[in-house]
Amino acid sequence: MKKVQNKISYLFASLITLTLLVSCQEVVTYDLDESNKILVIDGMVTDQPGPYTVKLSLTGPYLKNAPTNRATGATVIIRDNAGNTDTLAEQLPGEYKTTASFSKGEIGRTYQLYVNYENKVYTASGEILPISNVDSLTYKYHEESILYPENGYYVTMYAQEPAGKGNNYRFKFIVNGFFSNRADRFIVVNDDFVDGNYISFTTPFPVALGDSVVLESQSFTKAAYDYYFALLFQMNPNGFFDAPPANLPTNITGGALGYFNTVAIKYNGIKIK
Amino acid sequence: MKQFLIGMFMFAVVLSVNAQHKHTVSGRVKDQKTGEELIGVMVKVDGQSIGTVTNSYGFFSLTLPEGKYKILFSYIGYKSLAVDVDLKADVVLRPEMSDDKNELKEVKVQATKGNDNIESTRMSVMSVDIQSLKKMPALLGEVDILRALQFMPGVQTGGEGSTGFYVRGGNVDQNLILLDEAIVYNPSHLFGFFSVFNADAIKDAELYKGAIPAQFGGRLSSVLDVKMKDGNSKHFSASGGIGTISSRITLEGPIVKEKSSFIISARRTYADMFLKLSPDKEVQKSKLYFYDLNAKVNYTINDNNRIFISGYFGRDILGFDNTFTQGWGNATGTLRWNHVFNKKLFSNVTLITSSYNYKLEAETEESQGFLWKSDMSDQTVKGDFIYYVSPKNTIRFGAGITWHALFPGKAGPNNPKSVINEQKLPVSNSLEHYYYIDNEQKVNSRFTVDYGIRFSVFHNVGSATVFTYGVNRYGNNPDTKDSVDYGSGVIYHTYTGWEPRISMKYSINENSSVKASYNRTYQYLHLVSNTNSASPTDIYINSSPNIRPQYADQVAAGYFRNFNNNTLQASAEVYYKQMYNQVDYVDNANLFLNKYLESQLLAGTGTSYGLELMVKKKTGKVDAWMSYTLSKADRKIDGINNNKAYPTRYDHRHNLSWVCMYEHSKKWTFSANFIYVTGGAFTAPNARYEFDGYVVPYVSSRNNYRMPDYHRLDIAATLYPKKYEGKKFKANWTFSLFNAYGRKNAYSIVFRQREGYPDTYQAVKTYLFTFIPSVTWNFKF
């Protein structure tokens, strides 16, 4: 259904911008004064072998198109409910990784994050939920049209959605080892509208002959889905029917931004021949 | 005993002399050329400060002691009329007033004295003068009531492309828009470029911004009461216009001369004809048009009974090839019966049906075919009575009942091969009824007070499921603690409201007066809109166990002063409005077909206050006015914006506008208007941060920034070719240029990734148009 929602937004945008001949868009400079710097925590524990990374950074001016500052020198600890605990090491400025002694993430376990930065404490927790299999991947050539923005091969995944609501997914289509952070490549779905159905999902962008496509499927909690879903909205404004910018529903206490996610992952691959 | 009898006899004589008989002079005032009843005509007794005003059906009634009187009728744009009456019994007059089009301007103004703005208790109300309206510059060839309203103080529009208007800090859903008493839900065509009111079919339009009379209710902030013409009952007449972007035609005439008449008005734009000329194949295949139709028939049974049937139907279509179509429209129907009892009691009983619907259909392939529909409809029965007790007291009372059916949305397959599952929001039904009584009392020659009370009741009617929500309100799956089902026809919740209304006027002298008013209004319907601009996808919801009704208290005070023998009218008005149970969405709300929609909303209070200044001049060849509004409107809702107050989207601190029409000669009339509005509030990010390879906006508070200021100048010239002078067939050419200096006023500003550069963010402004010229040929016979 989110795909339908996206399609509607896309169609609205293209319809209105195309038919209102006299409507135009132009880039403008805007005076946005920056707020005080706020800590951002970007952490993930998965059921794939580690190490797991927690990145700490700070907010920066919105229209300054440069990387934001890292938050260094913090104490970062991850604990699971099976008695394992690990103090992460800052390998790169602002990048804290679990050490070799921390055991691999397991489905069903709950993980807790503790961060102490500049004498302020931030915590979060989450459970790694199960993930179902993707049946298959196929590809097909399509000409440019309303649904297919360019000529090319479009990859489709097929899966049986397990019955029982509460499954949330993210699909990352990685092409030749590279995943683009373009807003229109960001895909999160939940099973609200398709629970128990045999579902299919097609990439919104084409790939070329000879490309290797790997589908990384992620499964996570409803709270994480809400965060990602809000992120998706914030990144896809089309100018006519957008929701205004708003802060994302973080699971971190203490006043930090970002999210501590606990994810189960599966990989499927296909080559375009 | 004899003395006692003489005493009794004397007493009886004295009694009979003092108990003078009173009789009523009444009737309907009509236009001499067309037979249209005139609304708001001043009816005065010469030499005395006694008078009244004709009501919405042109009816007046004055009860006076026996005697000889000269009754004066005066009305802007018409020659005054004096009728001698020897009142020995009830008298019915049928005065017909002729317009003063051929009179010199100076004579026109003196005839009407022009100080009705000083005399009447009415305050906070703007009358749209339809004749002046037609001289204003016309966007895309059409003069427009809603667009004219934006040049009046206290009224803001959301800028081009947005539907509706905002009055004194109230949202678009807080305006009661009536067309011949039927509610119009969406008064705009084509995203706000045109309104649904075809000026050729309209007789009168009044906007109440405050001091809302007790007969009106159901909306918090204003009443736009639009009355259609009844149709020329004397002879057949046609008028219309053919223009570069739209055309219209109005036919009216008698069915039975002077007893029954009809009027039909139709119009259509064909903006899409120009799209076919585009080199872009995609654009060539698009559809973009609206059409509307107004029709009315009336029949006068006798002096005391009259019947009217009127209807409106309009549709907007926006389409792209056959793959994507969006359509919406209003339809209204009204049946009214005027009945006059004993010349002092006027009544009107009305049956109304009104509906608004919206549809969106997309079919790129049969298997992906998708259809979304939503609609709402009202069925109403109401009765309104006016009892003209005496020249000092006019009592109004009435009651009504409405059945509301809201069908907020259903999305599903548009053909059997489509794989889309059906998703549906439940139908929401309610029953609303009200009772009111009001008295307009002339305490003395200087002081008049109008006081009344209205009582409204709202019932939620099943079948329905009511959810109770927990704290987590995000997305499609909020915490639902509980849900209760109610069967069909079951009344599962009731709200009531008492709405006192009072306004008063004190005349300092013939040239100036002060007025003050207080009113409380209730509204049981809420508009939910998550978008930066109003769109046809906005959702209306009923009050319910989770959403309390909105209500507001408004106080206003004003000073009205005329200068130079009433040729210059000025007013200054201040208001303060406190609105309760104002609904707003939570951050990142998901309103799209969300059956837990109520969980995405929180309620709080809204406060708005302001100063409105207006100056109007109507002499010689120049007709002009200028208005300025200084105002503030904000909200404070727990759970939103960290519980701190934030400005509403339509909070515009300054609003300055002027309109000027100059009759250069019999051949040429020029007009211009200008508007300057400081920007409304919107939410912009203060900072950015990086998450999982994405750049995410951070927002410090809601509506933290201002849009750029909006301003534009429109000019128009109307040519009246000499060859039509004195003829029955009249025509003119109107040339207009909308946005004469081509300012790119911002429609929206969004912050997003630069296409192809995921790490670069930009502020992108969308503007709708620069210059829009148009030429229209108008005719009338």
Side-chain angles (χ1 to χ4, degrees), chain A residues 1 4-5 7-8 11 15 18-30 32-35 38 40 42 57 59-63 65 67-68 145-147 180-183 192-194 222 225-226 229-231 233-235 237 239-249 257-259, chain B residues 275 278 280 282-283 286 288 318 320 323-324 360 362 364 370 420-421 423 474-477 530-533 535 537 587-589 592 682-694 696-700 705 748-753 758-769 772:
Chain A
M1 198 55 184
V4 172
Q5 248 168 291
K7 194 181 353 169
I8 290 173
L11 287 172
L15 173 80
L18 286 174
T19 58
L20 280 183
L21 268 187
V22 287
S23 118
C24 302
Q25 297 192 322
E26 63 180 29
V27 176
V28 290
T29 51
Y30 222 83
L32 297 170
D33 49 57
E34 197 203 325
S35 57
I38 300 172
V40 181
D42 177 2
S57 62
T59 56
Y62 183 78
L63 288 175
N65 293 310
T68 54
S145 75
I146 264 275
L147 264 190
S180 163
N181 64 347
R182 279 174 53 154
D192 253 2
F193 293 100
V194 294
K222 179 186 174 314
Y225 170 79
D226 288 339
F229 190 70
L231 177 62
F233 259 117
Q234 296 302 328
M235 290 202 303
F240 286 92
F241 300 106
D242 318 315
N247 294 325
L248 310 178
L257 299 168
Y259 202 84
Chain B
L275 296 174
S278 165
D280 187 324
E282 304 291 312
V283 176
S286 26
L288 179 72
L318 213 54
F320 188 83
T323 53
F324 185 76
L360 171 60
T364 48
F370 167 83
I420 307 281
N421 283 345
Q423 274 294 314
Y474 290 107
N476 280 338
N477 279 318
N530 194 16
T531 56
N532 273 330
S533 53
S535 75
T537 54
D587 279 343
N588 297 306
F592 185 85
F682 75 111
T683 311
N686 299 84
R688 58 154 66 180
Y689 60 95
E690 290 165 18
F691 181 84
D692 198 9
Y694 297 97
V696 187
Y698 168 73
V699 173
S700 61
Y705 276 89
S748 74
I749 296 194
V750 293
F751 300 89
R752 61 172 194 215
Q753 287 184 345
D759 292 326
T760 304
Y761 275 71
Q762 311 173 311
V764 178
K765 169 175 99 172
T766 302
Y767 63 92
L768 291 182
F769 43 67
I772 301 193

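So you know, we letter chains A, B, ... as the sequences are listed, proteins then strands, and number each from 1. Just so you know, these numbers come straight off a predicted model, no measurement behind them.
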At a 4.5 Å cut-off on heavy atoms, which part of Val27(A) comes close to chain B: side chain, backbone, both, or neither? both

With only heavy atoms counted, which part of Thr68(A) is less than 4.5 Å from chain B, the side chain, the backbone, both or neither?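 Its backbone and side chain both get close to chain B.
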
Donor-acceptor under 3.5 Å (Asp42(A) side chain, Asp692(B) main chain): yes

List the atom of [X], the atom of [Y], and the distance in Å for their closest heavy-atom pair.
X: Thr59(A); Y: Ala687(B); answer: CB-CB, 4.0 Å
X: Phe691(B); Y: Tyr259(A); answer: CE1-N, 3.2 Å
X: Glu690(B); Y: Ser57(A); answer: O-OG, 4.2 Å
X: Leu248(A); Y: Val696(B); answer: CD1-CG1, 3.6 Å
X: Tyr62(A); Y: Pro697(B); answer: CE1-CB, 3.8 Å

As an exercise, state the distance from [atom1] of [X] to [atom2] of [Y], rounded to the nearest 0.5 Å.
X: Leu257(A); Y: Arg688(B); atom1: CG; atom2: CZ; result: 14.5 Å
X: Ile38(A); Y: Tyr698(B); atom1: CD1; atom2: OH; result: 3.5 Å
X: Tyr694(B); Y: Asn181(A); atom1: OH; atom2: CG; result: 6.5 Å

